[in-house]
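In what follows, a single structure is set out as structure tokens and then discussed.
These values consider heavy atoms only, across backbone and side chains, with no hydrogens, waters or symmetry-generated copies. Protein chains get the first letters and strands the later ones, always in sequence-line order, with residue 1 at the start of each.
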Amino acid sequence: MVAVTDPESEFARAVWLIVGSIPPGRVCAYGRVAALAGYPRHARHVGKLMGRLPAGSSLPWFRVVRADGHLPVGARQQQHLEREGIQITGGRVSLRHYGWPDPGNL
DNA sequence: GCTCTGACGAAGT
DNA sequence: AACTTCGCCAGAG
């Protein structure tokens with residue numbers, strides 16, 4: 001039995017696949033990624049996996065944000081997002097950038 | 001086993 | 001609109 005937080009787990013594979021397919025200019029919540037991966041209510045484990053990513057990873061981890069749009073104070077994540085045209089005001093991502101993979105369910 | 005913790009989330013105040 | 005509480009699931013001690 002491989003733990004879901006293990007990089008070799010199906011959960012981890014699914015999460016990476018999903019995160020890697022988030023297009024520039026869009027963001028996705030942890031909980032949403034978990035649900036898409038087939039594991040609802042596992043938002044925190046997505047976070048745990050992001051934390052384990054190697055420094056040189058090509059995965060756009062910075063496009064995964066909290067559901068309420070709030071970012072950690074002083075996060076370099078903010079610079080990456082703004083560079084892609086994602087608007088950040090008052091330390092949180094504008095909700096209009098959500099809606100991946102279905103822009104219609106905002 | 002039990003408690004604490006966490007790149008979280010939703011509901012209540 | 002800011003803050004608190006509670007629910008969530010696994011891993012660590």
Quickly work out the [X] [atom1] to [N] [atom2] distance and round it to whole Å.
X	N	atom1	atom2	answer
A:Arg92	B:dG9	CZ	P	14 Å
A:Phe11	B:dC8	CZ	C1'	11 Å
A:Tyr39	C:dG11	OH	P	11 Å
A:His42	C:dC8	NE2	P	12 Å
A:Tyr30	C:dA10	OH	C1'	17 Å
A:Arg66	C:dA2	CZ	C1'	13 Å
A:His70	C:dT4	NE2	P	13 Å
A:Arg41	C:dC6	CZ	C1'	15 Å

Atom [atom1] in [X], atom [atom2] in [Y]: separation rounded to 0.5 Å?
X	Y	atom1	atom2	answer
A:Arg76	A:Phe62	CZ	CZ	12.5 Å
A:Leu81	A:Arg26	CG	CZ	13.5 Å
A:Arg44	A:Tyr30	CZ	OH	12.0 Å

Interatomic distance at C1', C:dG13 relative to B:dA7, whole Å: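 Per the computed distance, 22 Å lies between those C1' atoms.
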
message: Just N and O in the side chain of A:Thr5: are any of them under 4.0 Å from OP1 or OP2 of C:dA10?
response: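 False: A:Thr5 side-chain N/O out of range (4.0 Å or more) of C:dA10 OP1/OP2.
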
Which part of the nucleic acid, if any, lies within contact of [X], taking any heavy atom under 4.0 Å across all strands shown: a base, the sugar-phosphate backbone alone, or nothing?
X	result
A:Ala29	sugar-phosphate
A:Arg44	base
A:His45	base
A:Gly31	sugar-phosphate

message: Can you identify which nucleotide, out of B:dC8, B:dA10, B:dA7, has its nearest atom closest to the A:Gln77 side chain?
response: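 When the side chain of A:Gln77 is considered, B:dA7 is the closest of B:dC8, B:dA10, B:dA7.
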
- prompt: Hey, is the main chain of A:Pro72 close enough, under 3.5 Å, to the side chain of A:Gln78 for a donor-acceptor pair?
  reply: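 No.
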
- prompt: Is the closest side-chain heavy-atom distance between A:Arg92 and A:Leu71 below 4.5 Å?
  reply: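 They are not in contact (no side-chain heavy atoms under 4.5 Å apart), so the answer is no.
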
